Amino acid sequence: MSLNPGDELTGRYKIINQLGQGGTAITYIAQDLQNPSNPPCVIKEIPFPHTENPLVLKKARNRFQKEVLALQTLGNDSRIPTLLNHFEENDNFYIVQEFITGTALSQELLTAKNHWTEAQAISFLQKILEILQLVHNANIIHRDLTPSNLIRSITGNKIVLIDFGAVREVSTLTSNSTGEILTSKAWGTTGYMPAEQYNPQSIPQPYNDIYAVGIITIQALTGRRPTNLPQDPDSCEFIWTHLTSDRLSDPLKNILTKMVRFNFKDRYQSATEVLQALKPLVAPVKSKPRKNSPHFRWLLFGLAGVASALIIAYSFSLFRPTIPSLASVEGISSGEKLLIQTSPLWSKQRGINEFADLNYPEALKLLKQSWKEDRKDPETLIYINNALLKSINAEYYTIAIVVPVRRNQDGSIFNANLAEELLRGIAQAQTEVNLSLITPSNSNKDFPGQELLETKPLKRKGLRVIIADDGNIKSYAVKRANSLVAQPDILAVIGHYTSDMTVETVDIYDRNKLVAISPGSTTEELTRKPRKFFFRTAPTTSIEAEGLVNQLISVDWKKVAVFYNPNSPFSASLWEEFKKQFEALGGTTFRINNYYDLSKNNFNAPAAIAEVEKEGKIAILVIPDGQVTSSLENALEMIKANNDRNWIIGPWTLYETRTLELAKQLKSVNKLGVSVFWHPLISFDKNFPQNAEKLWGGPVNTRSALTYDAARTLIQALEMQPEPSREGMQKTLAAPKFQASGATGIIEFDPNTGNRKNSPKRVAHIVPCSREQFGLTFVPIEFPTAAAAGLKCQ
């Protein structure tokens, strides 16, 4: 029930009038009876969630407190209303904020006689994007940016951003049948919220707010509300540039069009990116003083004085940069948040909540319960290990891993298999270390891996693992890398997985002297400019190409058509290496015009196969990237359309269950070869595949093995240093006599390139095996059948 004029809250705030109502929240203007001389204030009323589950209300309170703390920090800036108070009363949350006197932008747009000019649009974009920089740096996404929530204050004519959607979201929390706590509705205003925001479970991101700012600016330039803007029926992109009364420059058109792209991946990913793009359009405010002018000389004199003062001040103080806590860092977690959000069990979500609240013993208990219910979830096992270290106050070393979780346009998870495969390797290595810390106590008798794994102590200390998700999106990868290097306790990073992401981030790690060891980046591009702090357990594309070339030569196919992603560092590098080696042996390679680009959304596999068949006896090389684009799906369509007529070979990105699932639909798959760097039948460490199968309840693949080896390599480097450090990790790994033993073999590095020495290279094919999931399985190609490989399939 809404409050009426004259009603009082907590005996302090007297309601003057209702200002507005939106969603579940009501806003009032009120007088502070304790400070009657103060101007009126704004009170926002947010009801408790409607639920019988006490954990939901607990979560709502935690969320409310978190948002209040953020608003307190943001309110120190004059462009955000000051937070004056917050409290609970009558099953409602309340926040009290400064009342901003001014005109809402919605009113300005309504009464404006003319559309905005380009100069007005640029000025607005600068102002609002600078506010968003502040907001996003505080890890807050507004989520309801509309003209009504932008006030042009009469004080200084500045724009003030009000009414953050995140604080109102607490009233929509609920729980499903499994006990998972989630949001029941999407926050935002139709027309100003992007497509991905309509999914209540999507994770808020800066590009949500960037879309809204772009739409508001286009509305001001065209005079049309967002719902009245024409859209392309196929791409859903706005068609708006012809509607402006003022002639706009192409750069501004391009910036605004990119801000409101339908697919969030095609937008700017941060306010800083947009401001950078705007820089050339902004006219300089003042000319610089001439070097020979008296003003310039006095300026230099003044600056010299300031510099001297700063030096003196610095000598009496110690500068300590603020290190953000993991709980506040987006896309990174050691247990504080859920990253692999497929279908989390109630016990897992509760365990993560307790971890975030620093209640580690309870978190450990709940996460172990979740593990018993889902033995294949590596994120849970990593969080169990981390909770153990905290609950027993163990000393530990910290490493991180970056994995890609593929998402839909609305932010929901499309495929987490790749991330989970990578995490299984590091989770197994971490557990082997931390088992050495468990004493014969009743509380940890059910710790995962006991009596299954070999215990491998690490200097009587534990191993903590931090997980980061780069989403296979370059801007995300850069952001995650910058966040990881800012955490001083992280001694090394495993990642990134794809060559695309590693090429984008490798210099960030190198500049910050943090070892990055990749289990999946094979492109030769990373070798052309060596970095001291980059290493890899995966072979380079030249090694992988050698195995594929040898396979085709062995079956006497001398002509190859390639289908690949020319914009992928991995895909393009493997094609270049294959072409060079195959032609050196007398083979012929070529691309079919208009058909070779596997990354195209409109790729036509049957048409591509038809073009191949015009060339006679010809093999096909498909090189999908590491699931950055849809090229893997298109490569599988090529295998299907080929239907075992021509030989098809491809990289290890094809070594996965979807390939087996497709092969089940075909009469035969005798002419398919896929490169592999590890297989259970040829494992260097014979115990690893057996232990892995016991731990995870099923076999693991190459990606898990290479990640396990990356972890074992870092553990060995930690073991060899008296006092491990970031630079010490690099020196240890680059030492001529360094060796680590893993699932794929002995791991050594070329100190000049970081490339692995004596890299493994094999080719696998698919054979029938009725006991496997799809009645098929991969085995090394030297085994013609499952029986020859020693598999029991009956």
Side-chain angles (χ1 to χ4, degrees), residues 20 22 79-80 100 102-136 140-153 157-166 187-198 204-231 236-241 243-246 248 252-262 264 267-275 277-278 281-282:
R79 297 165 296 179
I80 308 288
I100 304 298
T103 305
L105 185 62
S106 56
Q107 189 65 25
E108 286 187 15
L109 297 181
L110 187 66
T111 59
K113 295 180 180 179
N114 300 309
H115 303 166
W116 276 5
T117 64
E118 175 160 331
Q120 287 175 305
I122 292 172
S123 175
F124 168 77
L125 285 170
Q126 273 191 294
K127 290 176 181 177
I128 185 60
L129 288 166
E130 285 172 356
I131 300 174
L132 284 184
Q133 267 189 320
L134 173 76
V135 172
H136 293 166
I140 296 292
I141 310 300
H142 190 284
R143 280 189 284 173
D144 198 16
L145 259 166
T146 68
S148 299
N149 288 334
L150 294 168
I151 308 295
R152 196 178 297 278
S153 170
N157 195 36
K158 60 178 174 285
I159 292 176
V160 180
L161 178 59
I162 68 169
D163 205 14
F164 285 67
W187 270 111
T189 300
T190 301
Y192 299 98
M193 56 191 288
E196 71 272 9
Q197 203 171 318
Y198 283 87
Q205 301 287 356
Y207 51 68
N208 304 147
D209 289 346
I210 288 167
Y211 178 96
V213 171
I215 286 293
I216 292 169
T217 310
I218 291 172
Q219 178 181 348
L221 287 166
T222 63
R224 292 200 183 190
R225 292 178 179 273
T227 50
N228 293 330
L229 287 170
Q231 286 181 280
C236 296
E237 304 288 359
F238 289 107
I239 304 168
W240 65 275
T241 54
L243 299 173
T244 62
S245 57
D246 191 35
L248 301 182
L252 181 60
K253 290 179 187 175
N254 294 338
I255 289 169
L256 288 170
T257 298
K258 186 172 180 178
M259 290 176 74
V260 298
R261 287 289 190 197
F262 182 80
F264 68 88
R267 284 180 226 142
Y268 294 102
Q269 301 295 306
S270 70
T272 304
E273 282 186 39
V274 193
L275 285 168
L278 278 170
L281 305 183
V282 181

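Just so it is clear, the structure is predicted and the values come from calculations on it, not from any experiment.
Residue Lys127 is tested with Lys158, Arg152, Arg79 for a side chain to side chain contact (heavy atoms under 4.5 Å, CB included); the sole match is Arg152. No option in Leu275, Ile128, Val274 other than Leu275 meets the side chain to side chain contact (heavy atoms under 4.5 Å, CB included) test with Gln133.
Checked by atom type and distance alone, the side chain of Gln126 never pairs as donor or acceptor with a backbone atom of Ser123 at under 3.5 Å. Of the possible polar contacts, none joining the Asn208 side chain to the Ile141 backbone as a donor-acceptor pair under 3.5 Å is found. A donor-acceptor contact shorter than 3.5 Å links the side chain of His142 to the backbone of Asp163. Distance alone, capped at 3.5 Å, places no donor-acceptor pair between the Asp209 side chain and the Pro206 backbone. A donor-acceptor pair is defined here as one N or O able to donate and one able to accept, closer than 3.5 Å; such a pair exists between the side chain of Gln269 and the backbone of Phe264. Within the 3.5 Å criterion, the main-chain N or O of Arg225 finds no donor-acceptor partner in the side chain of Gln219. The closest donor-acceptor contact from the side chain of Arg261 to the backbone of Arg267 lies at 3.5 Å or more, if one exists at all.
Between the CD1 atom of Ile151 and the CD1 atom of Ile162 there is a distance of 4.0 Å, given to the nearest 0.5 Å. Interatomic distance, Met259 CE to Ile210 CD1, rounded to the nearest 0.5 Å: 6.5 Å. Between Leu252 atom CG and Thr257 atom OG1 the span is 9.0 Å, to the nearest 0.5 Å. Here the CG-CH2 distance, from Leu256 to Trp240, works out to 4.5 Å after rounding to the nearest 0.5 Å. Taken to the nearest 0.5 Å, the CD1 atom of Ile122 stands 4.5 Å off from the CD atom of Glu118. The distance from atom CG of Leu221 to atom CG of Leu243, rounded to the nearest 0.5 Å, is 10.5 Å.
The two residues Thr217 and Ala121 come nearest to each other via the heavy atoms CG2-CB, 3.8 Å. Considering every non-hydrogen atom in both Gln231 and Cys236, the closest pair reads NE2-O, 2.9 Å. The shortest heavy-atom contact between Val260 and Gly214 is CG1-C, 3.6 Å. Among all heavy-atom pairs drawn from Thr244 and Leu248, the shortest one is CG2-CD1, 3.8 Å. A pairwise comparison of heavy atoms in Leu229 and Arg224 identifies CD2-CB, 4.0 Å as the closest pair. Contact record, Tyr207 with Tyr268: CB-O, 3.6 Å, taken as the closest heavy-atom pair.
Taking a cutoff of 4.0 Å between a charged side-chain nitrogen and a carboxylate oxygen, Glu273 and Lys258 do not qualify as a salt bridge.
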(request) Determine, stepwise, if the pair Leu161 / Leu150 fulfils side-chain contact (heavy atoms from CB on, under 4.5 Å). (result) CA-CA 5 Å; Leu161 178 59; Leu150 294 168; 3.7 Å; yes
(message) Could you go through Leu105 and Ile159, starting from their C-alpha distance and side-chain angles, then the distance that decides it, and tell me whether this counts as side-chain contact (heavy atoms from CB on, under 4.5 Å)?
(response) CA-CA 9 Å; Leu105 185 62; Ile159 292 176; over 6 Å; no
(request) Check the pair Thr189 / Asn149 against side-chain contact (heavy atoms from CB on, under 4.5 Å), numbers first and verdict last. (result) CA-CA 11 Å; Thr189 300; Asn149 288 334; 5.9 Å; no
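The shortest distance between side-chain heavy atoms of Tyr192 and Leu145 does not fall below 4.5 Å.
Classification of the Phe238-Tyr211 ring pair by plane angle, with boundaries at 30° and 60°, yields tilted.
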